[in-house]
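This is a predicted model, so every value here is computed, not measured.
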Amino acid sequence: QVQLQESGPGLVKPSQTLSLTCTVSGGSITTGHYYWSWIRQPPGKGLEWIGYIAYSGSTYYSPSLKRRTSISRDTSKNQFTLQLSSVSPEDTAIYYCARGEVDGCSGYVCPLEYDYWGRGTLVTVSS
């Protein structure tokens, strides 16, 4: 059974960098065709996709956030990490890590389906 768990500080000061780690158990982040993703939900708003690091190590970010976003991984710890720089109060949200996969897609651009999610962690940006 795959499990994901977010960890990191719950409070970040404006202009600083938000750093979160997702620890994955029950499956390797390198040996399956999965896309290890970060998704967030600001208060009162919908889900916003941030980006992913694929099983191959390649990354892809939301165009609206890519300037400030970096996703990396530590394969020895089976973890992947989100860094979001220059944060403001608008970055306050519940941050989720999730496993995305493509199921039976024959096209060039395939939607990701998320079968496993972490519980989410609230990060507040405030001074």
Pair Y114-W49, side-chain hydrogen bond (donor to acceptor under 3.5 Å, both in side chains): steps then yes or no:
CA-CA 12 Å; Y114 299 97; W49 182 77; 3.2 Å; yes

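- For the side chain to side chain donor-acceptor pair (under 3.5 Å) test, no residue two or more places apart in sequence or in another chain qualifies with R119.
- Atoms OG and OH, from S62 and Y52 in turn, are 12.5 Å apart once rounded to the nearest 0.5 Å.
- Scored by the side chain to side chain donor-acceptor pair (under 3.5 Å) test, S56 finds S58 as partners (sequence neighbours excluded).
- Annotation: side-chain contact (heavy atoms from CB on, under 4.5 Å) contacts of S126 (sequence neighbours excluded): L11, T124.
- With sequence neighbours excluded, the residues that form a side-chain contact (heavy atoms from CB on, under 4.5 Å) with Q41 are L47, Y96.
- Taking the side chain as every heavy atom from C-beta outward, E101 and D115 approach each other to under 4.5 Å.
- Every pair tested for disulfide (SG to SG under 2.5 Å) that includes a residue from residues 25-56 fails, sequence neighbours excluded, so the list is empty.
- For the atom pair CZ of R73 and SG of C22, the computed distance is 13.5 Å after rounding to the nearest 0.5 Å.
- Taking all atoms of both residues into account, the shortest heavy-atom contact from A93 to P43 is CA-CD, 4.3 Å.
- When all heavy atoms of A98 and I39 are compared, the pair lying nearest together is CB-CD1, 4.3 Å.
- Scanning for salt bridge (Lys or Arg N to Asp or Glu O under 4.0 Å) contacts around D74 gives an empty result, with sequence neighbours left out.
- Residue pairs meeting the salt bridge (charged side-chain N to carboxylate O under 4.0 Å, His left out) criterion with at least one partner in residues 102-112, sequence neighbours excluded, are absent.
- Within the structure, the salt bridge (charged side-chain N to carboxylate O under 4.0 Å, His left out) test picks out no pair touching residues 76-86 (sequence neighbours left out).
- Its side chain within the 4.5 Å cluster rule, F80 clusters with V2, L4, V12, L18, L20, V24, I29, Y34, W36, W38, I50, I53, Y61, L65, I71, L82, L84, V87, Y95, Y116, V123, V125 among the Ile, Leu, Val, Met, Phe, Trp and Tyr residues.
- Not one N or O on the side chain of N78 forms a donor-acceptor pair closer than 3.5 Å with the backbone of T23.
- Atom CD of Q5 is surrounded by 12 or fewer heavy atoms from other residues, nucleotides or ligands within 6.0 Å.
- Formation of a donor-acceptor pair under 3.5 Å by the D91 side chain with backbone atoms of S88 is found in this model.
- With sequence neighbours excluded, the residues forming a side chain to side chain donor-acceptor pair (under 3.5 Å) with T30 are S28, listed by chain and number.
- Of all the heavy atoms in G32 and Y55, the pair that sits closest is O-CB, 2.8 Å.
- Listed by first and then second residue, the salt bridge (charged side-chain N to carboxylate O under 4.0 Å, His left out) pairs involving residues 6-23 amount to none (not counting sequence neighbours).
- Residue pairs meeting the salt bridge (charged side-chain N to carboxylate O under 4.0 Å, His left out) criterion with at least one partner in residues 46-67, sequence neighbours excluded, are R40-E48.
- In this structure the side chain of S127 reaches within 4.5 angstrom of the side chain of P14, judged on heavy atoms.
- When all heavy atoms of V102 and C110 are compared, the pair lying nearest together is CG1-CB, 3.6 Å.
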